[in-house]
Amino acid sequence: MPPDELPEEPGARSLLDQVADAERDLAEAAARDRPDADADAYFEAVIAADQKIEPRDAMPDAYRKTLIRQIAQHAHSEIIGMQPEGNWITRAPSLARKAILLAKVQDEAGHGLYLYAAAETLGVDRADLYAQLLSGRQKYSSIFNYPTVTWADVGAIGWLVDGAAIVNQVPLCRCSYGPYARAMIRVCKEESFHQRQGFQSLYVLARGTERQRAMAQDAVDRWWYPSLAMFGPPDSDSTHSAQSMAWKIKRYSNDELRQKFVDMTVQQAEVLGLTLPDPDLRWNAERGHYDYTQPDYDELMRVIKGDGPCNRQRMANRRDAVESGAWVAEAAAAYAAKRTAARQEAMA
Ligand SMILES: CC(C)(COP(=O)(O)OP(=O)(O)OC[C@H]1O[C@@H](n2cnc3c(N)ncnc32)[C@H](O)[C@@H]1OP(=O)(O)O)[C@@H](O)C(=O)NCCC(=O)NCCSC(=O)Cc1ccccc1
């Protein structure tokens with residue numbers, strides 16, 4: 001199926017409808033009484049009614065901590081995720097491809113900023129989150145520790161990595177925490193554009209010279225299993241899934257989303273004329289899904305723990321960006337302070 005016909009989550013609503021939903025959620029939250037006496041019962045009632053928890057609402061500490069962990073990891077992923085594709089901005093094969101890639105990488109920076117802002121509504125400071133990323137206490141997605149060795153990798157990231165990100169993130173638009181759910185609406189819209197540009201780029205390569213087609217196939221061969229691993233460990237080893245699903249942070253388990261991604265992607269590969277590197281991939285009529293080979297979860301754990309092909313390089317680049325960009329941050333803060341002072345003086 002071409003990506004224009006990406007299946008929406010069953011029952012999912014259009015983005016405009018979702019914006020209207022978000023406005024309604026905010027109005028409902030503002031109108032709600034917030035009884036101090038029975039905060040737990042109040043929280044449980046909001047979750048049971050499928051309404052949104054908002055920043056001023058009472059929430060259990062563990063819910064707050066889980067959200068901070070997931071949203072921070074998500075934000076860090078967007079920021080570190082700029083590096084693999086950023087590697088090709090100066091070497092894009094045409095001006096048009098360069099402009100598209102620049103816009104995509106900028107979008108990823110924007111997603112990181114929405115997500116840090118969403119995390120801050122939970123009472124954490126973004127500077128602390130940056131520090132935890134740099135010290136290794138907070139993680140980012142395993143996928144961004146793989147190298148981009150050819151131009152076709154940029155197409156494969158758009159098609160497979162953004163494709164997997166969308167499958168994971170569309171249900172997060174219905175996450176129980178309002179600011180995270182609302183951030184995801186815009187992020188998903190932009191990720192759809194990213195996925196289509198990746199598909200289109202690979203489509204062109206797959207119909208180019210024999211070398212270009214081989215380059216596209218090689219990129220798909222290398223990115224397929226790491227993309228499947230993005231969904232996390234299998235359900236049997238997922239430490240957080242059961243609780244996160246009970247709290248309606250996650251709406252589907254890791255394995256359910258992985259299967260959804262496989263089912264969607266097989267047909268797109270056929271349109272591309274490229275093969276997915278799994279000899280055991282086949283339709284199972286009884287299950288109504290494709291059977292497929294699982295990714296290597298030991299490798300996933302090694303990469304998460306810091307021992308992937310590019311973990312050290314990614315963190316070194318991030319550290320360098322923070323240090324060499326410190327003067328820009330200082331100048332921006334000084335400028336903002338000067339403008340605030342001038343505005344206050346004018347109003348006095
Ligand atoms: C599904 C999951 C990732 C994991 O489910 P959970 O219930 O949270 O955990 P679970 O119990 O199953 O796992 C046990 C432990 O394993 C950790 N772990 C698991 N998988 C991974 C992994 N793949 N990488 C690293 N760590 C992983 C997990 O944190 C936990 O560790 P902890 O106990 O904290 O030490 C969830 O957090 C989620 O949906 N996050 C939001 C989406 C998101 O973050 N998307 C980002 C990528 S998309 C993007 O950036 C867009 C883009 C595209 C192209 C270019 C640029 C940008």
Side-chain angles (χ1 to χ4, degrees), residues 1-7 77-78 80-108 111 141-168 188-230 258 261-279 281 290 292-293 295 308-310 313-314:
M1 162 184 333
D4 270 356
E5 292 163 36
L6 267 181
S77 303
E78 297 283 356
I80 298 286
M82 295 163 73
Q83 292 187 34
E85 292 162 286
N87 184 32
W88 281 90
I89 289 174
T90 55
R91 293 176 289 160
S94 71
L95 188 57
R97 292 280 178 207
K98 190 194 285 269
I100 292 168
L101 187 55
L102 263 173
K104 180 181 191 291
V105 173
Q106 275 181 349
D107 284 352
E108 283 150 10
H111 297 173
S141 179
S142 51
I143 193 74
F144 303 117
N145 292 306
Y146 290 87
T148 42
V149 293
T150 72
W151 167 251
D153 288 15
V154 171
I157 289 179
W159 179 43
L160 295 175
V161 177
D162 283 282
I166 294 168
V167 169
N168 171 272
C188 284
K189 198 166 184 171
E190 291 178 355
E191 303 282 33
S192 294
F193 156 72
H194 296 172
Q195 198 259 1
R196 284 165 204 199
Q197 69 80 36
F199 181 92
Q200 197 271 345
S201 178
L202 283 184
Y203 191 89
V204 171
L205 287 175
R207 277 151 192 76
T209 64
E210 195 39 49
R211 270 182 74 191
Q212 286 171 323
R213 210 203 66 78
M215 185 168 74
Q217 183 61 57
D218 170 62
V220 170
D221 290 348
R222 283 180 291 104
W223 287 92
W224 174 245
Y225 285 105
S227 300
L228 290 185
M230 277 174 77
R258 200 171 355 253
F261 173 68
V262 171
D263 291 348
M264 175 186 104
T265 307
V266 170
Q267 296 164 51
Q268 293 177 11
E270 281 164 16
V271 176
L272 282 174
L274 297 172
T275 53
L276 297 172
D278 180 356
L281 189 65
Y290 284 91
Y292 65 99
T293 306
C310 300
Q313 185 190 339
R314 300 293 184 237

Exercise for review: Side-chain contact test, heavy atoms from C-beta onward, threshold under 4.5 Å: evaluate it for T150 versus R222 and give yes or no.
Suggested key: yes

Check your understanding: Just how far is it from atom CZ of R213 to atom CE of M215, taken to the nearest 0.5 Å?
Key -> 12.0 Å

Review point. Can H194 and E191 be counted as having a side-chain donor-acceptor contact under 3.5 angstrom?
Key: yes

Point to revise | Expected output: side-chain S201 to main-chain Q197 donor-acceptor under 3.5 Å | key: no

Practice item. Run the numbers on Q195 and S192 for side-chain contact (heavy atoms from CB on, under 4.5 Å), then give the verdict. Key: CA-CA 5 Å; Q195 198 259 1; S192 294; 5.7 Å; no

Revision key, fill the gap. Minimal heavy-atom distance between P309 and Y146, with the atoms involved, is CG-CD2, 4.0 Å

Check your understanding: If every non-hydrogen atom of L228 is compared with every non-hydrogen atom of P295, which pair is closest and at what distance?
Key -> CB-CG, 3.9 Å

Review point. L276 pairs by side chain to side chain contact (heavy atoms under 4.5 Å, CB included) with which of T293, L281, D221?
Key: L281

Point to revise | R207 side chain to L272 backbone, donor-acceptor under 3.5 Å | key: yes

Review point. What distance do M230 atom CE and S141 atom OG have between them, rounded to the nearest 0.5 Å?
Key: 4.5 Å

Review point. Given the rule in the side-chain contact (heavy atoms from CB on, under 4.5 Å) test, do Y292 and R258 qualify, once you have shown the distances and angles that lead to the verdict?
Key: CA-CA 10 Å; Y292 65 99; R258 200 171 355 253; 3.6 Å; yes

Review point. What's the spacing between Y290 OH and D263 CG if we round to 0.5 Å?
Key: 7.5 Å

Review point. K104 and D162: salt bridge (Lys or Arg N to Asp or Glu O under 4.0 Å), yes or no, with the steps?
Key: CA-CA 11 Å; K104 180 181 191 291; D162 283 282; 2.9 Å; yes

**Study point:** Nearest heavy atoms of A229 and S142, plus distance in Å
**Key:** O-OG, 4.5 Å

Review point. Any side-chain heavy atom of Y225 sitting closer than 4.5 Å to one from P277?
Key: yes

Check your understanding: Which residues satisfy the side-chain hydrogen bond (donor to acceptor under 3.5 Å, both in side chains) test with S77, sequence neighbours excluded?
Key -> none

Point to revise | side-chain contact (heavy atoms from CB on, under 4.5 Å) between I166 and F261, intermediate numbers included | key: CA-CA 9 Å; I166 294 168; F261 173 68; over 6 Å; no

Review point. Going from CZ on R97 to CG on L102, what distance comes out if it is rounded to the nearest 0.5 angstrom?
Key: 14.0 Å

Practice item. Evaluate the side-chain contact (heavy atoms from CB on, under 4.5 Å) criterion for residues N87 and Q83: first the C-alpha distance (whole Å), next the side-chain angles of each, then the deciding distance (0.1 Å), finally the verdict. Key: CA-CA 6 Å; N87 184 32; Q83 292 187 34; over 6 Å; no

**Study point:** From L202 atom CG to Q217 atom CD, the distance as rounded to the nearest 0.5 Å
**Key:** 10.0 Å

Review point. Where do W223 and P147 come nearest, in terms of heavy atoms and distance?
Key: CZ2-O, 3.3 Å

Point to revise | Polar side-chain atom of T148 near backbone of D153 as donor-acceptor pair, under 3.5 Å | key: no

Check your understanding: Which heavy-atom pair separates I80 from P84 by the least distance, and what is that distance?
Key -> O-CD, 3.5 Å

Review point. Taking only residues two or more places apart in sequence or in another chain, which ones pass side-chain contact (heavy atoms from CB on, under 4.5 Å) with Q212?
Key: L205, T209

Point to revise | Minimum-distance pair of heavy atoms, taken over all atoms of A164 and S227 | key: CB-O, 4.2 Å

Revision key, fill the gap. Taken to the nearest 0.5 Å, the spacing of T265 OG1 from F199 CZ works out to 10.5 Å

**Study point:** Heavy-atom donor-acceptor pair, R314 side chain to N145 backbone, under 3.5 Å
**Key:** no

